[in-house]
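Below is one structure; the comments refer to it alone.
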Amino acid sequence: MNNILEVKNLSFYYDEYDSRTGLSSKGKSGINSISFSIPEGSFVTLCGSTGSGKSTLLKLIKGDIITSGTLTGQIVFDGTDINEIDSAVRASSIGLLFQNPEDQIVTDKVWHEIAFGLENLGMAQSEMETRLAEALAFFRLENISRHDTATLSGGQKQLLSLAGVLAMYPRLLLLDEPTSQLDPESAEHYISTIKKLQTALGLTVIIAEHNLDGILPVSDMLMVMDNGALVCCDTVENALNTIASNKISDGISNKQSDSLTDASSCSSSKICADLPLATRYGISIGAKNLPLDINSGRRLIKDNIISAYDTASKPAPGNEPLVKLKNISFRYTSSGSDILSDLSATFDKGCSYAILGCNASGKSTLLKLLTGNIKAQLGQINPRISHIKTAYMPQDTDNMFIADTVEKELLLVGLSPENYPEYIKHIDYAKSPFDLSGGEKQLVGLAKVTALSPQLLLLDEPTKGTDNISRRKMTVAINTLKESGTTIIMACHDMDFAAECADKCAILSMGRLTGFKSCEEFFTDNKLYTTSARAMTVGITEGIYLESQLLK
Amino acid sequence: MTERLHPLSMLIFFLFTIILPAFTGNPYFYILSIIIGLIMLFNTLPLSNVLKSIPGYLLLFVLISCFNPLFYHDGDTILFYLNGKRVTLEALAYGMNSALMVIGVLIWCRIFTHFYTSDKIMYLFGTFSPKTAIIISMVLRLVPLYREHIGTYRNTQKLLGIFGEGTFFEKIQAEFKIFGGFLTWLLEHSMTTSDSMTARGYGVAKRKAYKLFTFKLSDALICCITAVASGYIIYAIITGAFSTVFYPSLILPTFSVKSIVAFLLFGIVSVTPTVRDIIYRLICRTTTAPKKP
């Protein structure tokens with residue numbers, strides 16, 4: 001099979017701009033002499049911790065995106081040096097897609113977004129019409145073709161961007177964390193669409209991701225990057241075996257102290273944290289054929305029956321209620337339908353609650369009601385919201401930042417560097433909060449809201465766009481907060497996270513909450529909607545629902 | 001049917017119906033334009049929508065009609081005195097005539113904004129300058145997006161206590177800070193948009209705009225008859241076929257062959273889209289299968 005992409009000895013340094021002298025010089029290294037080749041038609045997963053150079057590599061392969069910096073080495077696309085390819089051909093044959101669904105959309109109409117790339121190439125009208133029709137049909141966007149792009153959901157927006165690139169007939173698709181801002185259902189759909197492009201059309205895909213749960217089973221190859229260097233690039237099986245035998249865990253720098261990760265055999269390796277639970281389980285028991293999904297994980301568990309596991313006994317929190325909701329009904333417009341209908345709940349002091357449920361079930365609405373920002377049409381909140389000190393962390397943490405460095409940002413809420421909580425100590429305070437990774441933004445956001453020392457802390461999708469390391473830091477942070485008597489309510493999709501740090505869980509569905517149950521009860525009772533650890537052990541070993549119970 | 005008119009012929013049609021009557025100065029012409037405009041309005045927008053706006057038009061009519069005689073006192077026929085000032089029939093008639101003109105323009109503008117969607121504006125610009133078209137498209141997306149974002153951003157900052165219990169001056173300061181933060185957000189996020197544009201080959205070749213509309217025979221016909229009708233009506237205006245004299249005493253315009261032909265031409269052209277819509281709807285009704293019981 002011929003290689004569609006060959007990277008030879010690629011190094012890249014960002015230009016450093018000296019504001020005093022006004023001169024640019026060779027600065028921070030982005031990529032450190034990387035070489036690899038990708039056979040045509042492969043599905044390659046590119047992983048590595050934040051700041052490992054994944055995005056930089058993808059942008060360099062695409063070309064034209066990073067304009068300042070020093071590049072050495074060679075990128076060969078389909079037998080030709082990338083610099084010798086005509087820019088129009090390069091624009092169409094290599095597609096690059098980004099993380100944020102909103103930002104990469106350019107135009108106001110769905111049809112125009114797909115036509116945008118074709119227009120840029122100066123294509124004839126008749127050909128544009130055919131390609132637009134093709135893309136609309138392939139991605140099933142036909143019935144929204146005339147809609148405004150602003151009315152689409154995040155998942156639809158990502159598919160639309162994909163359709164816009166595909167209409168240009170690319171041969172290589174580079175995806176930079178495309179699902180990190182999506183809810184699990186949309187992410188699954190997106191990955192399956194990408195997989196379909198690879199299997200049905202023979203497209204080569206390189207996808208950078210943090211969360212490898214859904215991607216690893218469909219990947220052919222796994223590339224691991226660390227600190228700008230390529231640690232390994234091999235078939236998934238070989239790469240995992242390499243990781244498992246800890247050959248690369250030593251090579252991976254441990255600047256983030258990993259005391260927070262659980263005591264599995266591979267805890268020293270950051271990359272391990274992002275692997276699917278089943279794979280981690282396989283590594284932890286030293287299995288030969290590492291499982292990639294829940295089902296094969298289950299087979300492995302059947303052969304290695306777990307006899308002893310820790311019962312996750314969480315201390316029962318106090319029963320002093322902080323706020324009571326009674327028969328709350330809410331709708332956004334007078335003629336709209338009820339988002340919440342007759343919802344009742346009691347939230348106790350010093351207890352953490354997870355509100356689960358699918359997209360648009362009203363989770364965020366419930367949190368906003370508790371901030372007092374919107375008011376319910378019917379029902380009572382006791383005591384009044386204005387009498388409780390609440391703090392709220394929105395889904396999009398970008399909304400929380402107002403200063404130009406992290407340090408100034410936290411100074412606004414009275415936090416000086418010596419008082420910083422443990423979980424943000426690894427972050428570079430001089431950076432702009434916008435330049436942080438998804439996980440770091442969430443942690444800084446959390447530090448900002450907790451500094452207000454609220455009685456009631458509301459977190460909307462705190463794990464959106466985060467990597468596993470940040471998630472674990474957040475789990476510890478939330479558990480510490482709870483001990484100090486703060487009531488925490490979080491809306492989340494991420495059940496594994498909810499299981500780790502909530503005392504009580506409920507599903508918001510059809511406008512009301514199923515009664516809050518303790519985490520253990522909730523996840524071990526559920527068989528459909530539950531954590532991966534539970535799903536792996538249903539019917540084999542009862543009572544396991546936490547990762548830490550499974551991984552020893 | 002009307003919504004599928006080519007943007008160019010649609011623009012010509014609306015220029016004809018919005019602007020041309022205003023220059024006639026003739027009350028009969030205004031009334032004709034209002035009647036046809038209302039028919040078209042009823043035919044395109046939901047009934048309740050149109051009915052709701054009728055009182056507004058009436059109120060406007062009364063206001064403009066009364067405005068002129070209150071401030072302008074020329075004219076031979078004195079109706080009564082108000083505060084020692086004359087209120088004349090001629091001034092009232094002049095006010096009513098202006099009111100009719102304004103209402104006609106408003107009605108046709110409303111139809112225009114209903115049919116002239118952003119797609120069509122973009123198309124027109126796209127033919128002249130594809131780059132302007134893409135900028136318009138981006139603005140159309142970003143303005144509502146930014147407006148919404150600054151709202152959520154402000155709310156979030158409010159919950160984070162940026163306003164505190166400060167004085168008026170401190171609150172103004174906070175608003176400035178919020179705006180500054182919003183600008184940073186905007187710059188950060190537009191970087192990705194710009195990368196996304198580059199990645200899809202913006203600027204690599206001479207840009208061509210995708211044409212959502214085709215120029216059909218019916219479009220050509222509409223352009224032609226509109227042009228012919230406008231030509232004749234302008235000729236009639238110049239030769240004084242519509243002249244109405246208000247001062248010193250009111251002389252209502254008389255009908256001549258010239259003016260009657262102009263009325264007919266205007267009526268035929270401006271009613272054409274409505275007739276087309278109605279015929280099309282009838283065809284659809286007879287050719288589509290009846291609903292199953």
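These figures come from a predicted structure and were not determined experimentally. Per chain, numbering begins at 1; letters A, B, ... match sequence-line order.
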Worksheet entry | Interchain contact, Met191(B) with chain A, by part (heavy-atom threshold 4.5 Å) | neither

Worksheet item: Highest number of heavy-atom pairs under 4.5 Å with chain A: which of Thr152(B), Leu212(B), Leu142(B), Thr184(B)?
Response: Leu212(B)

Worksheet item: Side chain, backbone, both or neither: which part of Ala391(A) has an atom under 4.5 Å from a heavy atom of chain B?
Response: neither

Discussion item. Run Asp119(B) and His112(A) through side-chain hydrogen bond (donor to acceptor under 3.5 Å, both in side chains) and show every step you take.
Written reply: CA-CA 9 Å; Asp119(B) 287 1; His112(A) 200 195; over 6 Å; no

Worksheet entry | Pairs of heavy atoms under 4.5 Å with chain B: top-ranked of Asp404(A), Ile105(A), Leu174(A) | Ile105(A)

Item to complete: May I ask you to name which of Lys59(A), Glu129(A), Arg90(A), Gln99(A) has the most heavy-atom pairs under 4.5 Å with chain B?
Response: Glu129(A)

Practice prompt. Heavy atoms only, distances under 4.5 angstrom: which of Tyr210(B), Tyr153(B), Phe182(B) has the most pairs with chain A? Name it, please.
Written response: Tyr210(B)

Worksheet item: When you look at Lys464(A) and Gln395(A), which way does the side-chain hydrogen bond (donor to acceptor under 3.5 Å, both in side chains) test go after all the steps?
Response: CA-CA 7 Å; Lys464(A) 195 174 180 180; Gln395(A) 255 187 58; 2.8 Å; yes

Worksheet item: Any luck finding a side-chain donor-acceptor pair between Thr149(A) and Asp108(A) under 3.5 Å?
Response: no

Worksheet entry | Within 45° cone of Phe116(A) ring axis and under 6.0 Å: Arg200(B) NZ or CZ | no

Item to complete: Could you give me the CA-CA distance, side-chain angles and deciding distance for Thr365(A) and Tyr332(A), then say whether side-chain hydrogen bond (donor to acceptor under 3.5 Å, both in side chains) is met?
Response: CA-CA 9 Å; Thr365(A) 310; Tyr332(A) 279 101; 3.2 Å; yes

Worksheet entry | Contact winner vs chain B - Leu452(A), Asn373(A), Val449(A), heavy-atom pairs under 4.5 Å | Asn373(A)

Discussion item. Which atoms of Met168(A) are under 4.5 Å from chain B, going by heavy atoms: the side chain, the backbone, both sets, or neither?
Written reply: side chain

Worksheet entry | Option that, when pairs with chain B are counted at under 4.5 Å, heavy atom only, ranks first among Thr107(A), Asp86(A), Asn100(A), Asp435(A) | Thr107(A)

Item to complete: Go through the steps for Lys54(A) and Asp176(A) under the test salt bridge (charged side-chain N to carboxylate O under 4.0 Å, His left out), then give the verdict.
Response: CA-CA 8 Å; Lys54(A) 301 192 299 285; Asp176(A) 192 0; over 6 Å; no

Discussion item. One pair to check against side chain to side chain contact (heavy atoms under 4.5 Å, CB included): Arg141(B) and Glu102(A). What are the steps and the verdict?
Written reply: CA-CA 11 Å; Arg141(B) 185 182 92 83; Glu102(A) 191 67 69; 3.0 Å; yes

Worksheet item: Non-hydrogen atoms of chain A under 4.5 Å away: do they reach the side chain of Ser190(B), the backbone, both or neither?
Response: neither

Discussion item. Below 30° counts as parallel, above 60° as perpendicular, anything between as tilted: where do the rings of His149(B) and Trp185(B) land?
Written reply: parallel

Worksheet entry | Side chain, backbone, both or neither of Ile178(B) within contact of chain A (heavy atoms, under 4.5 Å) | both

Worksheet item: With a 4.5 angstrom heavy-atom cut-off, which part of Leu145(B) approaches chain A: side chain, backbone, both or neither?
Response: side chain

Worksheet entry | Met123(A), part contacting chain B, at a heavy-atom distance under 4.5 Å | backbone

Worksheet item: When only pairs under 4.5 Å are counted, which of Ser87(A), Gly63(A), Gly95(A), Ala124(A) shares the most heavy-atom pairs with chain B?
Response: Ser87(A)

Discussion item. I'd like to verify something: which residue of Leu132(A), Thr390(A), Asp396(A) has the highest number of heavy-atom pairs under 4.5 Å with chain B?
Written reply: Leu132(A)

Practice prompt. Test side-chain hydrogen bond (donor to acceptor under 3.5 Å, both in side chains) on Glu3(B) and Tyr116(B) and set out the steps.
Written response: CA-CA 8 Å; Glu3(B) 69 274 4; Tyr116(B) 228 78; over 6 Å; no

Fill in: chain A contact via Thr193(B) - side chain, backbone, both or neither, heavy atoms under 4.5 Å
both

Practice prompt. Let me know if Lys177(B) has heavy atoms under 4.5 Å from chain A in its side chain, its backbone, both or neither.
Written response: both

Worksheet item: Does CZ belonging to Phe42(B) count more than 12 external heavy atoms closer than 6.0 Å?
Response: yes

Item to complete: Verify side chain to side chain contact (heavy atoms under 4.5 Å, CB included) between Met400(A) and Glu409(A), making sure each step is shown before the conclusion.
Response: CA-CA 9 Å; Met400(A) 302 176 69; Glu409(A) 195 65 63; over 6 Å; no

